Amino acid sequence: MGLIKKIVTWGRTKSPWVLHFNTGACNACDIEIIAALTPRYDLERFGVLLKGSPRHADVLLCSGPVTRQIGDRLKRIYDQMPEPKFVVAVGTCACSGGVFKGCYNIESGIDQVLPVAAYIPGCPASPKAIIDAVVKLLKSLEES
Amino acid sequence: MGQAIYNILVFPGLFFLILFGWAAEFIDRKIYARGQKRVGPPWYQPVADFIKLAAKEDIVPEEASATSFKLMPLIAMASAVTAFFYIPLWTTEALFSFYGDIIVVMYLLTIPTLTFFLGGWYSRSLYSTIGAMRTLTQLFAYEVPLFVVILASALLANTWSLSEITKFYALHPHLWIFNLLGFGIGIIALLGKLEKGPFDIPEAETEIVAGSFTEYGGRLLAFFRLTLDIEVIVGASLLAAVFLPFGLNLTPAIGFVIYIIKVLFIVILLAVLRTILARFRIDQMLDFCWRYLAPLAFIQILINLLVKGLLLR
Amino acid sequence: MSDIEKTKENLIQKFPALAEKTQITRETRIWTEIPFELFLPVFNYLLTDLHFNVLCAITGMDEVTQFSVIYHLAKENQLVVSLKVILASKEKPFINTITDTFPAADIYERELVDLLGIHVNGLKEGNRYPLPDNWPQGEYPLRKGWTADRLKKKEGGAPNA
Amino acid sequence: MKGPGRMLQLILESILKKPSTVSYPKFKEAPLKSLRGAIAFIPENCIGCKICMKDCPAGAIIITKIGEKVFQAEIDLSKCIYCAQCVDSCPKKALEYTTQFELAALDKNKLKVTTSGKLQTTTQNETPKSE
Amino acid sequence: MPKKVRIPVGPQHPALKEPVSFSLELSGERILEATIRLGYNHRGIEKACEERSYIQDLYLLERICGICSHSHSTCFVQAVEEIAKLEVPKRGLYIRTLIAELERVHSHLLWLGVAGHEIGFDTLLMFTWNDREIVMDLLAETTGNRVNYGINSIGGVRRDITDEQIKKIMKAMDTLEERTKYYIKIATEETTIIQRLSGVGVLSHDDAVKLGAVGPTARASSVDRDVRRDDPYAAYGEIKFKVITDNHNDVYGRTIVRVLELMESYNIIRQLLQNIPAGPIAVKAPRKIPAGEALSRYEAPRGEDVHYVKSNGTENPERVKVRAPTLANIQAVAHMLKDRYLADMPIIIAAIDPCFSCTDRAITVKDLGQKSEGLMQWGDLRKYSIEWYKGKGIDFSNLKKI
Ligand code: SF4
Ligand code: SF4
Ligand code: SF4
Ligand code: SF4
Ligand code: SF4
Ligand code: SF4
Ligand code: SF4
Ligand code: SF4
């Protein structure tokens, strides 16, 4: 039993497929996420693939403070993802609302709506910071 | 009996096929990545992907009909694997063979595509449905040229069995040169069959998310992906057997190495093609297949008829 | 006389009432202020006779005692006239649509409706803009004195109800 | 000359050449000096004028008085947008930016960094470990 | 015309970097009508501006959008400087312009990559974004951040540029110019690209004018407008450059305009660096801005950006109004989508390089004039699609029973 569990955990940490969802971001975090997939940083080194369908994804990368309009969409997308799943808040906005905190049309951060597994501060979070977070998250999965 | 079971399940059967499929997927992704100046995934990536997916929760969409939805990946895989047994690999003998197996193999290879279509259809989600439609439309576009060129080769060998074809070419070692045009067409049609760029229209990420597979997740998706990997090997083996039939009558070890090289060559060719070309639009694809591929395939038949008439007596 | 001065001259000649309120703030900017009644004639004059045929934006403003709407019109992308229209009523502010001339004005006018509660006569039916569909009636965030707390109170703290 | 596959040559070349990927995080090169990362607080310099708090666009910094001429800064890394306006605003150079950008944390509470004078200085060079 | 199918695209969809939803009415693979619902990204920035000080607004407005963040912040400070009658030192203006052009380079390269991605040509995405990193490095080094540079301050810029950096940028321009030439070659020779781009998203000159399109979207329909030349700001008055226009009227034209604009940008950057004067980079701005109002225009990579600022003598502005370029272009998109293939949708939308973060409004564009025939139920859709494909000579009505 222990061995199978180990193998499964190994598979999980080596193949995190991500779904990127803009929850009202300013674009900067989004382009940095894409930049992290392009040659200079190449997240595929860690087995990360960008997927379009929530059904295929293990990790939901959210950028932005969650606008009122997007809130329940976000929940619906999260519900469509099969277990186990993780939410990562990319950028200051997603962590806390950032500069937009206090604006009338936003929540302050992803964790107001969904459980968040990792926070990446930065405005925008640079590709390196994103890689750093991915590595940290995967490491914690491996240990648990 | 035991030997047959070993052959089917382990070597050169299922187990070998899966491993080779994963290797091919890795090579394909690596070449794709390196062509784009990236490092690409590590060697164990396809295995990790499979394990991860297999260990995930299965979700069947409420709308979908559960049995058909779940059955599709299994049917797809079973038929792809079965087809493999009829293809001669590194000898002139396939595991199974009978007169007319060429038709059976072609049919068996169509079944995965049909399951992609049905799987998408039964998901009852919009993107899946459009993906399913495109799968089917595309099937009708590439299937004819593929069929015709394989037929052309069979025509030259004057047989309906794959094993016989390879035997024929082993006897007439230089005739395969005439089939090069057919080989090219076969490669392009194979791209279409495997739904790989520039013919990844049915799964075009930016248009319809993931096409037929949009609603598939977890174990079912794992099997679909595995089927695709296996299909790459089966398709490449088929092309290798029909169009590159050399190095067959050597010792099994050398023959095996040559076989692996042939398949990998085709895999690499596919990877490079998908790297350098932009995706077609579905109507452009139809147009291209009917206007260029199909006529060229018929020219191949003509060539082979001529060769047959002039060279073979 | 430079282009901009000529424009000012023309404008004042045609509408003497504008003389006081028209200013040139720099070589390509001219500001003028008119009451609502004068809007159509001035707008049409600018458009057809003076060829200010590019709509840059429409700004709505709550000036506490009155509402105003500024039409920023450009000419061949050089001179910009900012035509400030003082609306007739503070309680029930309204303007007329200019979407017949500028189809692109649609979005700017919807913004006035949603954010300031200015009624736009003649604006076609359509989706809300920019606020969400479940936004409470009668809340206009860009009005002075409006704060987000009002929203919280009204919704009882349920943000995505 | 029009035709498909125009990029073939470049792509074949790049398959053979070294990829342009950096091997971060295995090898970490020194970050650019000019990059704005986490903000550091130098308590000895602070006079408690709170201009930084006033100008911060994100409300990420809170200065409190903890003793006679001793101040404490609480910088919330999950709110800070790393604009360094506070650094510019501070009249006494009590704030400066570092190049620290690897701030990701699994626990939000670990993103609050409190630095105070006299008693003891905790800079957040160490990013919080996973739970 | 048979029944129509309505499919929702978005707000989460792989073709869209940002949340927006399009509702498309389809007949088979053809789009009959497109309705756009924006507003998923509305954050209420304009209101927030009134509640914050000018200094805070500067950073807030920079984050309207992260791709041409410099556009919004420059546009805003220009308006404030005009009201406060601040004379920005020449060197400050040159640095501002330099960053603006670097931003245009990064943005156009980004667009080229995204366009490649949308037509299923990820290789182009990878290559352009790889080259884009060169610009990102320059931006990071000169401003301190890769995006949302924070270089502007009211009255000038916050960081000076060193001679070493100037040399570096000059060198990078040569590399980029060479790469761009290669992309021009690819864009004009690779048939699989040309096939997917030309004739797609057609916007005639008259429509472009009527619908108020701006930037490369308009210039590709031979609308010869560019604020940099028409209403010069910052250092543009002292720089020589061409305004690129094209008469293809389609996505292909927009591609051409953008790659040629890249070449112009390298040119501008070189001129700026050769002529940059010495001196201070900023003047001190008062915290309280005297009462007044100003309208500022700026040619962002995607077209004209307009900011209106009204001050009332306090530390906070009275009103800030933003008209972003995408907002002006979005009307044109609905028009372009009509009568095209579903497969062309992503590239058409991408061709205006939309960023909905500041546009964030909901618009219904119904220029087709006819009412939709309502949503189809699933059964109808299946039946309908079978019919449609039957018309194409493909019959799979029997397959259903498997
Ligand atoms: S954290 Fe900053 S860069 Fe990222 S979305 Fe928010 S404002 Fe934009
Ligand atoms: S900045 Fe000047 S006025 Fe403000 S607290 Fe410090 S000394 Fe006093
Ligand atoms: S860097 Fe900017 S956001 Fe962070 S504390 Fe300083 S002023 Fe506030
Ligand atoms: S501005 Fe500087 S001196 Fe004033 S409270 Fe902040 S850190 Fe202290
Ligand atoms: S870059 Fe492509 S895959 Fe990524 S979010 Fe944008 S459209 Fe989707
Ligand atoms: S519509 Fe855009 S610019 Fe206007 S308040 Fe909303 S986010 Fe700000
Ligand atoms: S056009 Fe796009 S990239 Fe440019 S400022 Fe606006 S949102 Fe940003
Ligand atoms: S419309 Fe353009 S400028 Fe405005 S926020 Fe969007 S991307 Fe940025």
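Just so it is clear, the model here is predicted, and its values are computed rather than measured. Letters A, B, ... mirror the listed sequences (proteins, then strands); counts begin at 1.
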- Message: What residues of residues 150-178 of chain E make heavy-atom contacts with chain D at a cutoff under 4.5 angstrom?
- Response: E:G150, E:R158, E:R159

- Could you walk me through whether E:R63 and D:I81 pass the side chain to side chain contact (heavy atoms under 4.5 Å, CB included) check? CA-CA 10 Å; E:R63 282 158 181 81; D:I81 57 165; 3.6 Å; yes

- Message: Using only atom types and a distance under 3.5 Å, with no angle test, would you say the side chain of D:R36 pairs donor to acceptor with the backbone of E:T143?
- Response: yes

Check each atom of [X] against the heavy atoms of chain D and say whether the ones under 4.5 Å are side chain, backbone, both or neither.
X      : result
E:D57  : neither
E:N130 : side chain
E:E315 : side chain

- Message: So, taking the atom named CD1 in E:I55 and the one named OG in D:S89, what distance separates them when rounded to the nearest 0.5 Å?
- Response: 5.5 Å

- Task: Please name the pair of heavy atoms, one in D:L35 and one in E:A140, separated by the smallest distance, quoted to 0.1 Å.
- Result: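 Scanning both residues, the minimum pair turns out to be CD2-CB, 4.0 Å.
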
- Taking salt bridge (Lys or Arg N to Asp or Glu O under 4.0 Å) as the test, write out the residues that go with E:E103, two or more places apart.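 E:E103 satisfies salt bridge (Lys or Arg N to Asp or Glu O under 4.0 Å) with no other residue.
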
